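Keep in mind it's a predicted model, so treat the numbers as computed, not measured. Both counts, for ligands and for their atoms, begin at 1 and track the order of listing. Note that these values count all heavy atoms, side chains included, but never hydrogens, waters or copies made by symmetry.
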Amino acid sequence: MAKERIALMRCPSYADQDVEAALEQAMNALGGMPSFVRAGQRVLIKVNLLTRRPPEAAVTTHPALVRAVIREVQKAGGHPVIYDSPGGPFTTKSLEAVYEATGMATVAAETGAELNWDVSSVEVPNPSGMLFQGLTLSRAVVEADVVINLPKLKTHGLTRYTGAVKNLFGCIPGLTKAEYHLRLPELPLFSRFLVELAQFVRPALTIMDAVVGMEGEGPSAGRPRKLGLVLAGSSPFALDRVALALIGLKADEVETAKIAAELGLAPPMEDIAILGEDISSLAVRDFAVPPPGGTSFRLLGRRLSPDTLKIFARWLKPRPLFAAAKCRRCGICLRDCPAKALTMGEHRPEVDLARCIRCFCCQELCPEQAVSIYRPALTRWIFRH
Ligand code: SF4
Ligand code: SF4
């Protein structure tokens with residue numbers, strides 16, 4: 001069987017000439033954009049537009065990479081459509097604000113690419129799904145001929161890492177994402193869903209922005225971290241495998257990668273042909289990643305007996321912490337909490353821990369970085385062993 005091929009190219013900055021050179025090298029290594037896009041096809045460019053933040057915050061896919069990819073798609077005769085369903089309600093008003101802040105409006109004006117304004121959804125059958133035999137997807141995703149996935153390499157409070165597979169969660173429209181969180185409150189099942197969703201969406205190509213990634217309290221409150229790289233390949237599962245190796249994680253340390261490996265979707269590193277740079281010289285040893293299993297009670301259950309788990313439940317579960325000094329009482333976290341576990345207090349939101357499902361959407365979507373994840377010392381100790 002032919003090895004999965006992942007292009008790994010240096011990209012020292014977001015200057016147009018650096019990004020274009022890295023993308024050209026990556027595409028040449030993979031056979032060129034015309035091997036993924038045919039003339040006349042509608043090409044959904046699935047960027048990461050989590051929230052309304054400027055490119056330098058390293059929360060969203062950088063416009064320089066989006067612009068370069070769009071130009072390649074246009075050269076191949078495709079019709080690019082910039083798409084994401086950011087956190088919160090999926091409305092044209094919220095999209096307008098996100099497109100402006102993240103630089104996508106400028107990219108569209110410069111390149112002539114279409115910005116997606118269709119906020120409707122469709123139910124699609126998913127007969128091979130283990131969890132759901134039907135999915136609710138954005139109409140824009142379903143109507144595209146080809147999907148090109150443009151994730152950013154970041155850490156994530158719930159899943160530890162967000163990259164190629166997790167980026168496709170944005171194919172679910174608006175607050176329907178919160179419903180999936182609520183239906184799949186445990187990390188292993190939610191991760192299985194992300195893998196099944198990626199299998200369903202089947203992006204033809206994934207191109208990852210790892211020029212400046214995010215470490216620490218990602219996906220929105222972490223620190224930008226320069227890696228100087230662009231990755232590309234047809235398998236989002238193999239690409240995540242390589243990206244994890246770059247930041248010092250093994251496949252079994254991130255649930256989506258572990259499940260993809262178990263299902264035979266992500267080959268081991270030795271069966272991936274890395275084209276371009278030598279990964280051994282680029283791996284980052286001190287990339288700050290959230291601790292393992294820190295958000296999942298079921299993962300704790302793999303380490304402890306059910307009785308022990310019951311006794312210590314209160315002291316083991318991580319929980320969101322709200323910093324009054326940073327909170328502006330905007331109410332976004334209350335609006336988007338899938339479990340409706342938050343009420344507004346005098347200085348900050350208050351959480352009903354009996355209702356909270358530990359999805360950490362509140363941390364992900366807070367525009368003030370006022371929410372952090374408190375992980376009890378005992379939980380951190382358990383996962384160190
Ligand atoms: S914690 Fe953040 S999102 Fe929630 S009310 Fe305060 S500022 Fe708004
Ligand atoms: S309070 Fe935060 S972590 Fe808890 S369910 Fe709501 S959004 Fe998720």
Side-chain angles (χ1 to χ4, degrees), residues 49-54 57 59-60 85-91 93-94 97-98 101 154-160 162 166 169-170 172-191 193-194 214 216-222 255 290-300 313-376 379-380:
L49 301 183
L50 174 64
T51 186
R52 205 170 52 179
R53 299 283 293 280
V59 173
T60 53
S85 166
F90 194 32
T91 62
K93 193 161 172 254
S94 65
V98 169
K154 295 187 292 180
T155 50
H156 195 284
L158 175 66
T159 55
R160 299 195 81 197
T162 171
K166 174 74 171 61
F169 192 43
I172 309 268
L175 298 177
T176 308
K177 289 196 281 296
E179 287 170 28
Y180 279 103
H181 270 299
L182 204 54
R183 291 162 82 181
L184 304 163
E186 282 290 345
L187 182 60
L189 276 186
F190 180 65
S191 301
F193 172 68
L194 293 176
M214 177 174 279
E217 294 285 323
S220 61
E255 279 295 298
T295 58
S296 171
F297 215 42
R298 186 170 293 186
L299 289 179
L300 277 166
R314 277 187 59 193
W315 293 279
L316 289 171
K317 277 192 178 187
R319 55 183 179 269
L321 270 189
F322 298 83
K326 290 184 179 173
C327 177
R328 296 176 62 182
R329 300 178 83 246
C330 68
I332 287 175
C333 56
L334 271 71
R335 183 195 67 193
D336 295 335
C337 170
K340 299 292 163 226
L342 295 171
T343 47
M344 188 55 80
E346 197 181 336
H347 302 292
R348 61 185 167 193
E350 282 164 11
V351 57
D352 176 350
L353 290 173
R355 293 182 78 111
C356 172
I357 59 169
R358 275 72 173 177
C359 63
F360 299 110
C361 292
C362 47
Q363 184 239 6
E364 189 170 321
L365 299 176
C366 173
E368 307 299 329
Q369 290 92 60
V371 190
S372 57
I373 301 174
Y374 171 70
R375 296 179 176 86
T379 307
R380 282 183 273 130

To which protein heavy atom is atom 4 (Fe) of ligand 1 closest, and what is the distance rounded to 0.1 Å?
Cys333 SG, 2.3 Å
Atoms in ligand 1 flagged as close to Gly331, the criterion being non-hydrogen separation under 4.0 Å
5 (S), 8 (Fe)
Any salt bridge between Arg328 and Glu368, counting N to O under 4.0 Å?
yes
Taking atom 6 (Fe) of ligand 1 as the reference point, the nearest protein heavy atom with its distance:
Cys327 SG, 2.3 Å
Quick one: does ligand 1 sit under 4.0 Å from the side chain of Cys362, the backbone, both or neither, non-hydrogen atoms only?
neither
Do Cys366 and Phe322 come within less than 4.5 Å of each other through their side chains, counting heavy atoms only?
no
Is the shortest heavy-atom distance from the side chain of Pro320 to the side chain of Val371 under 4.5 Å?
yes
The protein heavy atom nearest to atom 7 (S) of ligand 1 is Arg328 N, 3.4 Å
Ligand-side contact atoms (ligand 1) for residue partner Met344, heavy atom cut-off under 4.0 Å
5 (S)
Which bit of Lys326 gets closer than 4.0 Å to ligand 1, counting heavy atoms only: side chain, backbone, both or neither?
neither
Heavy atom under 4.0 Å from ligand 2: found in Leu342's side chain, backbone, both, or neither?
side chain
Nearest non-hydrogen protein atom to atom 3 (S) of ligand 2, with distance, is Phe360 N, 3.2 Å
Please confirm whether the backbone N or O of His181 pairs with a side-chain atom of Arg183, one donor and one acceptor, at under 3.5 Å?
no
Within the structure provided, determine whether Cys361 and Leu158 are in side-chain contact (heavy-atom separation under 4.5 Å).
no
Describe, in one word, how the ring planes of Phe169 and Phe190 are oriented to each other, choosing from parallel (under 30°), tilted (30 to 60°) and perpendicular (over 60°).
perpendicular
Does any N, O or S atom of Cys366, backbone or side chain, fall under 2.8 Å from atom 8 (Fe) of ligand 1?
no
Any side-chain heavy atom of Glu255 within less than 4.5 Å of one from Leu194?
no
Atom 5 (S) of ligand 2: nearest protein contact (heavy atom, Å)
Ile357 N, 3.4 Å
Please check: side-chain N/O of Arg52 versus main-chain N/O of Ala97, any donor-acceptor pairing under 3.5 Å?
no
Atom 8 (Fe) of ligand 1: which protein heavy atom is closest, and how many Å away?
Cys330 SG, 2.3 Å
Any idea which part of Arg358 is under 4.0 Å from ligand 2, heavy-atom wise: side chain, backbone, both or neither?
backbone
Give the atom numbers and elements of ligand 1 that come within less than 4.0 Å of a heavy atom of Phe322.
1 (S)
Would you say Ser94 and Pro86 make side-chain contact, with heavy atoms under 4.5 Å?
no
Within the structure provided, determine whether Asp352 and Thr343 are in side-chain contact (heavy-atom separation under 4.5 Å).
no
Checking contacts here: is it the side chain or the backbone of Val371 that comes within 4.0 Å of ligand 1, counting heavy atoms only? Could be both or neither.
side chain
Atoms of ligand 1 close to Glu368 [distance to a heavy atom under 4.0 angstrom, numbered from 1]
7 (S)
